[in-house]
Amino acid sequence: MRVRQIIAAAMTGAAAVAIAAAPAQADRGDSKAACNKGEICFQWIYDNFSTSSYQRHFWYNDSNHGDDYWSNIPDLYPAFVIKDDAEGLWNRDTTCAVTIYDLANYATPYTTFPRDFRAAISPRNNSHKRCA
């Protein structure tokens, strides 16, 4: 009986480690180059989203832009994070406004942008929340 308890405890511990080690799915919107309906899109150098380079798309909230990288980067440049570098925003969320925060973990709200907002923004963007 004692051996079964030890084996059961070991299996439970192994399962917990396997679950904890599984990588989290990163929110990348629909993973297409264009900013599509329903997405919250950031652009590094704002050009009214006429190009697909240096964009990052989301469906949901993100508490830390410090671990999110730009998409569609030309080969000459290394990957770098979007934190404090976005100069454009297109809120294509179909339901909500999006609030951009100056700090990670939704601290110090910068401003809230309505649905269908597309324009240049201040590059202060460490996190964002939809429907805030």
Side-chain angles (χ1 to χ4, degrees):
M1 187 63 121
R2 175 90 174 130
V3 172
R4 285 187 189 172
Q5 290 174 337
I6 292 170
I7 291 172
M11 291 176 65
T12 302
V17 169
I19 290 170
Q25 274 299 81
D27 180 8
R28 294 198 173 274
D30 64 9
S31 296
K32 296 182 180 169
C35 182
N36 293 311
K37 188 174 183 176
E39 294 181 312
I40 300 162
C41 305
F42 292 88
Q43 189 173 39
W44 181 45
I45 298 172
Y46 182 66
D47 68 358
N48 205 31
F49 288 84
S50 63
T51 63
S52 61
S53 293
Y54 297 100
Q55 289 188 26
R56 183 65 164 80
H57 305 169
F58 298 89
W59 289 120
Y60 307 107
N61 303 335
D62 191 312
S63 65
N64 183 10
H65 289 177
D67 60 5
D68 298 309
Y69 294 86
W70 294 107
S71 300
N72 303 321
I73 299 174
D75 291 338
L76 299 175
Y77 299 96
F80 55 98
V81 296
I82 72 168
K83 174 182 130 180
D84 288 336
D85 273 333
E87 292 184 0
L89 174 74
W90 192 357
N91 180 15
R92 299 208 59 201
D93 191 296
T94 57
T95 307
C96 299
V98 63
T99 300
I100 307 298
Y101 295 83
D102 190 26
L103 301 174
N105 299 313
Y106 315 119
T108 315
Y110 166 57
T111 195
T112 299
F113 300 99
R115 290 182 306 121
D116 277 338
F117 173 88
R118 174 174 45 174
I121 61 170
S122 169
R124 295 165 45 190
N125 62 314
N126 283 291
S127 56
H128 73 272
K129 187 181 281 189
R130 60 184 295 273
C131 306

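Remember, predicted model here, so these are calculated numbers, not experimental data. The analysis underlying the following values was restricted to heavy atoms, covering all of them including side chains, and did not include hydrogens, waters or symmetry mates.
Here the straight-line distance linking atom CG of Asp102 with atom CG of Asp84 works out to 7.0 Å at 0.5 Å rounding. Rounding to the nearest 0.5 angstrom, the gap separating the OH atom in Tyr69 from the NZ atom in Lys83 is 11.0 Å. Here Ser71 contributes atom OG and Gln55 contributes atom CD; the two are 8.5 Å apart, rounded to the nearest 0.5 Å. Here CH2 of Trp90 is found 9.0 Å from NE2 of His57. Values are rounded to the nearest 0.5 Å. Here CG of Asp62 is found 6.0 Å from CG of Asp67. Values are rounded to the nearest 0.5 Å. In this structure, OG on Ser53 lies 9.5 Å from CD1 on Ile45, to the nearest 0.5 angstrom.
Using cut-offs of 30° and 60° for the angle between ring planes, the Tyr54 and Phe80 rings count as tilted. Tyr46 and Phe49 have perpendicular rings, their planes meeting at more than 60° on a 0 to 90° scale where under 30° would count as parallel. Ring geometry for Phe58 against His65 counts as parallel: the plane angle stays under 30°, on a 0 to 90° scale with 60° as the upper cut.
The shortest non-hydrogen separation linking Asn125 to Pro123 is OD1-O, 2.8 Å. Nearest heavy atom pair, residue Pro114 against residue Ala97, reads CA-CB, 4.0 Å.
In terms of modelled atom types and a separation under 3.5 Å, the side chain of Asn91 and the main chain of Cys96 share a donor-acceptor contact. Within the 3.5 Å criterion, the main-chain N or O of Lys37 finds no donor-acceptor partner in the side chain of Thr94.
The shortest side-chain heavy-atom distance between Trp44 and Ile82 does not fall under the 4.5 Å cut-off. Side chains of Asp93 and Glu39 form no contact here, defined as non-hydrogen atoms less than 4.5 Å apart. Taking 4.5 Å as the limit, some side-chain heavy atom of Thr99 sits within range of a side-chain heavy atom of Pro109. You'll find the side chain of Phe113 reaches within 4.5 Å of the side chain of Ile100, heavy atoms only. Contact of the Tyr110 side chain with the Asn126 side chain is not registered, since no non-hydrogen atoms from C-beta on lie closer than 4.5 Å. Between Thr51 and Gln43, the closest side-chain pair of non-hydrogen atoms falls below 4.5 Å.
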Inset, instruction - Start with the C-alpha gap between Phe42 and Asp85, add the side-chain angles, then the distance that decides, and say whether side chain to side chain contact (heavy atoms under 4.5 Å, CB included) holds. - result: CA-CA 9 Å; Phe42 292 88; Asp85 273 333; over 6 Å; no
Legend entry - Candidate pair Arg118 and Asn48, rule side chain to side chain contact (heavy atoms under 4.5 Å, CB included), full reasoning: CA-CA 7 Å; Arg118 174 174 45 174; Asn48 205 31; 3.4 Å; yes
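No side-chain donor-acceptor contact under 3.5 Å links Asn64 and Asn105.
For the side chain to side chain contact (heavy atoms under 4.5 Å, CB included) test with Ile40, the passing option among Arg130, Lys129, Arg56, Arg92 is Arg130; the others fail.
A ring-centre distance under 6.0 Å is found for Tyr101 and Tyr106.
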